[in-house]
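Shown next, in structure tokens, is the structure this report addresses.
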Amino acid sequence: MKIAVGQGSCGIAAGAMKTYEILNSNLDLNKNQLTVTGCIGMCYLEPIVDVYACDGLHRFVKVNGEIAEKIATAINNNDLTSVKEFEISNDDKQFLDKQTRIALRHCGVINPEIIEDYTNDDGYKALNKVLTTMSPEDVIEEIKVSGLAGRGGAGFPTWFKWNAARQSTGDKKYLICNADEGDPGAFMDRAVIEGDPHNLIEGMLIGAYAIGASEAIVYVRAEYPLAIRRLQNAIDQAMAKGFIGQNIMGTDFSCDFRIKAGAGAFVCGEETALIESLEGSRGMPRLKPPFPAQSGYWHKPSNINNVETFANVSWIILNGGNAFSSMGTENSKGTKVFALTGKIKRGGLVEIPMGKTLRDVIFDIGGGIKNDKNFKAVQMGGPSGGCIPEELLDTVIDYKALSQTGAIMGSGGMVVMDDSTCMVEMARFFLDFTAKESCGKCVHCRLGTKRMLEILTRITEGNGKEDDIELLEELCLAIKDGALCGLGQTAPNPVLTTLKYFKNEYIEHIVDKKCTAHECTSLLRYEINADACKGCTLCAKKCPVGAISGTVKNPHKIDMAQCIKCGNCVSVCRFNAVEVK
Amino acid sequence: MSCNCQNSTDFSLLEPCLEKYATVPGSLITILQNAQDIYGYLPVDVILHISQRTGIKVTKIMGVATFYSQFRLQPVGKYLIMLCQGTACHVNGSLQIEKVINEHLGIKDGETTEDGLFTLKNVACLGCCSLSPVMMINDDTYGSLTPEKAISIFKELQEKAREEE
């Protein structure tokens, strides 16, 4: 039997290495083959072990050391019925069954460290087809037919960028992959690189052929060490097979390939900042035009696409642009990968055709809200995006429809929030992020985000002023208009959307000095319900500042003047007598 | 230029990297990454040495070193705690974990414990959002953290460090 252990970063964090070791030492390896795969996307069930038996696939989930031993014994005895209880439930199966996988089609299926696993599944066939039967113009036409648009966030038509770079004249052109996945809450690109690195390489080589580039560079963020290691391994293997380098597959096409590790700066996800960083400088955006297609890396024509964009290319070449464009809506074709996280039951990677609704993703696939709490909002597009409220859950996934809500498709981060999340605090969180990550080049972003952060901070601390909302709105519009790059122009989005859909929360914070989500500690009041308190004295003992007084078997009291709102009393009380207001 | 360091830094460790990259345009970040891997941080004398060997002005090197969050100008503890403060971790309670670190280890963001064992660094997103809240200690990722779980991880590492001594 073939046994595969999912070893993406999340699998490893959940203990997949230990699971692998136990299987390795307990399995009869003369009869069985043990291998690894990347992340299948069901991160909430890791570590996952797939057993390919003669009657089909048996998928075991949350396999800790103890379960791994049992599974190994069952496999050695050729009887999987004894471990059936550890197999994935029918409910959880829905998570994958309801998806349509193109960019992620090999993730969690093949071994990312073995090139043969990829070539046996039609790998590098698209590259061969392109190099032997298609002109660069044919390739661009096929991508145009497919309707593929940039998956990094902006949704710009891929063929248009390729064509512009193709049309640019120059002795040297570069093809660059933006793998600086900086949006907090997004990890699609990491999963593709860790789980299917050859698919990225193949897509990039096809792109390089189309625009006439002789060098391809992947800019990967330094926080992804495993992705860098697997990608380097894949590059070495592809080079050994003659898929990278001089006269690829015996044709005239030559292309070098290398990785550049980023050094941690969110703004480097902006393409001109990324180019500055590639050149060894501070990652500060350049003025556009000229666009990178005319003057990019070392001022040569350069084309930059996101990982997921490239991950679709080989599939489009093999299956035809029409097959891709048959999925989706009028404005948005194909599929999109989302990283579903936050207060969600089934968190992980979801790839679905465009045109599904947010409700489909969050409730149908994601299983709804954790602990059966109430849905409040979903944050899409990271610091450049916004929060979408419940009444807009039937919005279809489509570039235009999503931007009409005030959020954006973005790179695909979807952070789900329940009613314990304060929307003002959420806006403050994102502004804290953008203020820290602002490169400082333009005044609007450098100072504007700081001022907004100050205002939001004072609102969450209970010191908000009555005209703060107008001031925030004014600042938002000024920054949108005045900032130099995408980071600055979109930085106000989290504030604008929360003001649009959750203005009442701002007013509560400012006027009533209340935080209904109980997140802003400065606005909380702790009180002991005298009827419920049994006078056990535990809270008084655990209070770090001695703010609780009372005698044994008599109701206790909290002195709010001394209380530091640490919440210890709430967590230690066994009678739920401490009330947070 | 004279240096106040007690121990002189061994520049020969960086030589293979400088031989390969010193004259290749655009390699400054790569050189700094290598230097930090070797010395654990970017000491002043190493920055001066890189400037001499590459011809890149010290101001530019400092500009780059202070722009990117990966680079450190101060040494770090044996265990570098990178606490994820991404959106998913934030929503699932990363601030509580930070509080535990503040209280249990007595360090705030950017600080190192007196025994030189732990340094805390808040980071944007580690990309393990499904296991949030998450922290990375050196190269190992720890997910689904609770205050109790975090404390037991620190205790384990303290124990391990004591044994190694």
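Here is the naming used below: chain letters follow the sequence lines, and residue numbers restart at 1 for every chain. Basis for what follows: all heavy atoms, side chains included, without hydrogens, waters or symmetry-related copies. Because the structure is predicted, anything quoted here is derived from the model rather than measured.
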Partner residues of Tyr41(B) under the ring-ring contact (aromatic ring centres under 6.0 Å, His included) criterion, sequence neighbours left out: none
Heavy-atom contact with chain B under 4.5 Å, split by part of Ser420(A): neither
Residues forming a salt bridge (charged side-chain N to carboxylate O under 4.0 Å, His left out) with Arg346(A), sequence neighbours excluded: Asp92(A)
Chain B contact via Cys268(A) - side chain, backbone, both or neither, heavy atoms under 4.5 Å: side chain
side-chain hydrogen bond (donor to acceptor under 3.5 Å, both in side chains) contacts in which one or both residues fall within residues 15-28 of chain B, not counting sequence neighbours: Glu15(B)-Arg53(B)
Neighbour count >12 (heavy atoms, 6.0 Å) for atom NZ, Lys18(A): no
Within residues 57-69 of chain B, residues adjacent to chain A where the heavy-atom gap is under 4.5 Å: Lys60(B), Gly63(B), Val64(B), Thr66(B), Phe67(B), Tyr68(B), Ser69(B)
Check: Pro184(A) main-chain N/O paired with Thr87(B) side-chain donor or acceptor under 3.5 Å: yes
Pairwise side-chain contact, Cys125(B) with Phe187(A), heavy-atom cut-off 4.5 Å (strictly under): no
Nearest atoms (heavy-atom pairs only) where Gln33(B) meets Ala261(A): NE2-O, 3.3 Å
Contact class of Lys436(A) relative to chain B, heavy atoms under 4.5 angstrom: neither
Proximity breakdown for Thr30(B) and chain A, heavy-atom pairs closer than 4.5 Å: both
Pick from Ala186(A), Ala14(A), Gly185(A) with the largest number of heavy-atom pairs that fall under 4.5 Å of chain B: Gly185(A)
Contact origin within Arg190(A) toward chain B - heavy atom pairs under 4.5 Å: side chain
More than 12 heavy atoms from other groups under 6.0 Å of NZ on Lys62(A): no
Region of Tyr224(A) in contact with chain B, defined by heavy-atom distances below 4.5 Å: side chain
